[in-house]
Enquirer: 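Supplied in structure tokens, the structure appears directly below.
Note that this is a predicted model, so its numbers are computed, not measured.
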2 protein chains.
Amino acid sequence: MLHQGAADSSQQSSTAPTIPTLYSGIVPTTTTAHTPHVPSACQVCGDQSSGKHYGVLCCDGCSCFFKRSVRKGTMYACIAAKGNCVVDKARRNWCPYCRLQRCLAVGMNVAAVQEERGPRTQATAIAKHGGITPSPTGAVNAVNATGNAMNFQILAQILVTCLRQAKCNEQFRTLAAAQQEAILSTVWNECFVLRASHWSLDISAMIDACGDPQLRRIIVEAKQLRADVMELNFLETLILCRKELAVSAENAVLLESYANGALVSLARYTIQQSNWLRFGTLLLGLRQLTQRCYESLLSSLFRSVVKDIVKSL
Amino acid sequence: MLHQGAADSSQQSSTAPTIPTLYSGIVPTTTTAHTPHVPSACQVCGDQSSGKHYGVLCCDGCSCFFKRSVRKGTMYACIAAKGNCVVDKARRNWCPYCRLQRCLAVGMNVAAVQEERGPRTQATAIAKHGGITPSPTGAVNAVNATGNAMNFQILAQILVTCLRQAKCNEQFRTLAAAQQEAILSTVWNECFVLRASHWSLDISAMIDACGDPQLRRIIVEAKQLRADVMELNFLETLILCRKELAVSAENAVLLESYANGALVSLARYTIQQSNWLRFGTLLLGLRQLTQRCYESLLSSLFRSVVKDIVKSL
DNA sequence: CCGGGTCATCGGTCAG
DNA sequence: CTGACCGATGACCCG
């Protein structure tokens with residue numbers, strides 16, 4: 001930080017608003033000459049980049065910030081509630097939410113953040129010194145980058161399947177394409193978790209392999225609903241048909257009627273085989289599902305694919 | 001890159017005539033090496049230094065004082081009008097003018113003081129203890145400083161009333177104090193919106209005056225539930241008794257049973273006067289309420305007061 | 001090169 | 001306003 005301050009004061013005495021262009025026209029010729037490393041602009045904040053991190057050219061700060069954010073799974077709130085704060089070198093620390101959003105927007109890969117390892121040294125030193133090997137605490141799970149990618153692909157396939165299923169939803173399918181797309185691009189993650197948590201095969205290993213601890217927690221929680229096929233369908237309708245996501249007044253009415261229909265059907269279905277409690281529990285589960293999904297980094301995992309999936313089919 | 005002043009100041013403690021002796025004999029051998037943290041004298045007042053700040057070895061107090069002075073840009077006047085007051089640990093607070101002069105004299109770097117950032121934005125610390133959770137905060141600027149301050153005060157009173165009511169909730173009140181506090185510090189905003197949206201008087205003007213458009217939307221949405229007193233009580237229980245917020249395994253069981261009880265009661269109550277739809281609609285409204293609350297900046301509005309309120313009563 | 005961790009030094013907090 | 005305290009940041013190093 002001191003370093004940062006020093007750099008600031010020496011170069012740009014004031015908070016210069018035009019930072020991103022820092023190396024736009026200056027460096028090109030001198031680049032190959034004697035530069036220690038190729039200077040490029042951080043795609044997140046425009047600061048000097050130290051190379052690629054998590055798939056994107058960015059500076060140490062943004063790289064580190066991204067790593068910590070993903071590891072801890074903290075969910076930020078935009079300081080201005082707009083979600084469009086300026087993220088440049090001088091202001092990147094003002095709004096963590098917008099900084100993280102920007103990290104994801106430029107394509108930083110959540111899955112590339114590894115599990116936390118133990119402290120760096122000690123183990124060897126102590127082992128040499130005495131004979132008492134201390135427990136290396138964090139079982140370094142370097143994991144297989146290859147198998148990891150494979151698992152991700154499979155999960156992406158599951159995602160496609162879930163969204164196809166949503167498209168076939170009896171009520172949802174009747175909506176106009178634009179309305180469908182508007183809804184799905186918002187609630188796709190809820191659809192995914194609902195279905196994936198009740199997948200016929202055990203896919204927990206693949207979910208673990210994605211390296212997103214949040215996703216794991218969400219799925220585990222959703223799994224506790226133990227919904228059957230009928231219940232899943234009704235819940236899916238309730239996820240898909242939310243009048244708040246209507247693009248027009250008529251659609252709002254339509255969506256509400258769909259949701260009401262699903263509610264009544266679900267009530268009938270659950271009451272006939274057990275009691276009211278089941279009905280209420282499922283709906284409360286929906287609340288939990290919604291909240292968790294929007295608090296999580298789930299989206300970033302499939303960010304690249306979900307857009308295309310929603311469009312096609 | 002690093003401050004020249006750093007090297008300078010660490011050696012020439014001479015600037016301060018009376019100070020240097022403080023730790024001169026304690027750290028003799030290890031001085032220059034790379035000791036974890038060498039206790040040294042603050043170059044400004046001679047107190048124990050906690051490391052370099054703004055380029056100079058100094059204590060937390062002088063560091064903080066310097067930061068505040070630079071940020072606020074206040075001009076002090078020497079209390080003795082001489083500009084040569086003694087600045088040592090015991091007397092550093094007597095004359096801010098001379099203290100600041102001394103900060104500058106020993107080379108503290110004004111440019112290293114960054115601009116003020118917003119309040120810390122934390123957001124939901126998921127996992128772990130499940131208890132500690134101040135909600136997302138944001139800098140809702142002073143805005144309504146003048147005329148609206150009154151309205152804000154009234155709303156804060158309403159908030160107090162809502163939380164008192166929550167504390168009296170038939171189920172919630174039986175929980176241990178620590179558990180109550182853990183839950184309320186998370187869901188207080190849901191409690192507030194639920195009650196405020198169904199307030200007996202029309203408080204929409206005050207809500208508007210708070211200058212948070214999000215809050216307005218949330219309240220309007222919640223108002224559409226048109227819940228009666230009984231329903232409100234059941235919904236409140238469902239907000240308060242979420243097993244995810246349990247601080248212990250036993251409490252999780254307890255909370256779940258409370259929620260189940262509320263579900264059954266609400267079902268009985270609603271079915272006798274209309275139908276299943278009402279029951280389901282209310283629960284979906286709960287989902288909407290939860291999501292909106294955590295997406296909004298509501299918390300920042302009451303950030304300063306809610307903490308105290310939750311603690312007291 | 002790009003993952004990881006480290007730690008001096010920034011930031012804000014909040015009783016006193 | 002003060003300052004002890006703690007979380008966040010990022011330049012730097014290792015493997």
Enquirer: Looking only at N and O atoms, is any donor in the side chain of Lys67(A) or the base of dG5(C) less than 3.5 Å from an acceptor on the other one?
Expert: yes
Enquirer: How long is the line joining CG of Leu57(A) and P of dC1(C), in whole Å?
Expert: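 These atoms are roughly 11 Å apart.
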Enquirer: Considering only distance and modelled atom types, tabulate donor-acceptor pairs under 3.5 Å from the side chains of residues 57-69 of chain B, sequence neighbours left out.
Expert:
residue: Asp60(B); atom: OD1; partner: Ser50(B); partner atom: OG; Å: 3.2
residue: Ser69(B); atom: OG; partner: Phe65(B); partner atom: O; Å: 2.8
residue: Ser69(B); atom: OG; partner: Tyr76(B); partner atom: OH; Å: 2.9

Enquirer: Taking CG from Leu100(A) and P from dA8(D), how many angstroms apart are they, rounded to a whole number?
Expert: 14 Å
Enquirer: Would you kindly give the CG-to-P distance between Asp47(B) and dC5(D), to the nearest whole Å?
Expert: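 These atoms are roughly 12 Å apart.
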Enquirer: Among Val56(A), Val70(A), Leu100(A), whose side-chain contact (heavy atoms from CB on, under 4.5 Å) with Met108(A) holds?
Expert: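 Output: one option passes, namely Val56(A).
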Enquirer: Which one, dG4(C), dA8(D), dT9(C), comes nearest to the side chain of His53(B)?
Expert: dT9(C)
Enquirer: Tell me whether the count of non-hydrogen atoms from other residues, nucleotides or ligands lying under 6.0 Å of CZ in Arg216(A) goes above 12.
Expert: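 Result for CZ/Arg216(A): open.
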Enquirer: Tell whether Arg68(B) reaches the base of dG3(D) with its side chain through a donor-acceptor pair below 3.5 angstrom.
Expert: yes
Enquirer: Phosphate oxygens OP1/OP2 of dG3(D): is one of them under 4.0 Å from a side-chain N or O of Arg99(B)?
Expert: yes
Enquirer: How long is the line joining OH of Tyr54(B) and P of dG3(D), in whole Å?
Expert: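 Distance check: Tyr54(B) OH to dG3(D) P gives 14 Å.
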Enquirer: Whole angstroms only, please: what is the CD-P distance between Glu115(B) and dG11(C)?
Expert: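 Taking CD of Glu115(B) and P of dG11(C), I get 11 Å after rounding.
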Enquirer: Consider the side chain of Asn93(A), meaning its heavy atoms from C-beta on, and name the nucleotide among dG11(C), dG12(C), dG10(D) that approaches it most closely.
Expert: dG10(D)
Enquirer: Taking atom OH of Tyr294(A) as the centre, does the number of heavy atoms from other residues, nucleotides or ligands within less than 6.0 Å exceed 12?
Expert: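 Atom OH in Tyr294(A) is crowded, with more than 12 foreign heavy atoms closer than 6.0 Å.
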Enquirer: Relative to the 5' end of DNA chain C, which residue comes earlier, Arg71(A) or Ser50(B), by the nucleotide with the nearest heavy atom?
Expert: Arg71(A)
Enquirer: Arg102(A) side chain to Val44(A) main-chain N or O, any donor-acceptor pair under 3.5 Å?
Expert: yes
Enquirer: Report the distance from atom CG of Asp60(B) to atom C1' of dT13(C), rounded to the nearest whole Å.
Expert: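 Taking atom C1' of dT13(C) as the reference, CG of Asp60(B) is at 13 Å.
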Enquirer: Using a 4.0 Å heavy-atom cut-off, does Lys89(B) contact any base of the nucleic acid, only the sugar-phosphate backbone, or nothing at all?
Expert: nothing
Enquirer: Rounded to the nearest Å, what distance is computed from the CE atom of residue Met108(A) to the P atom of nucleotide dG3(C)?
Expert: 9 Å
Enquirer: Whole-Å distance between dA4(D) P and Phe65(B) CZ?
Expert: 15 Å
Enquirer: State which of dG3(C), dG3(D), dA11(D) makes the closest approach to the side chain of Arg92(B).
Expert: dG3(D)
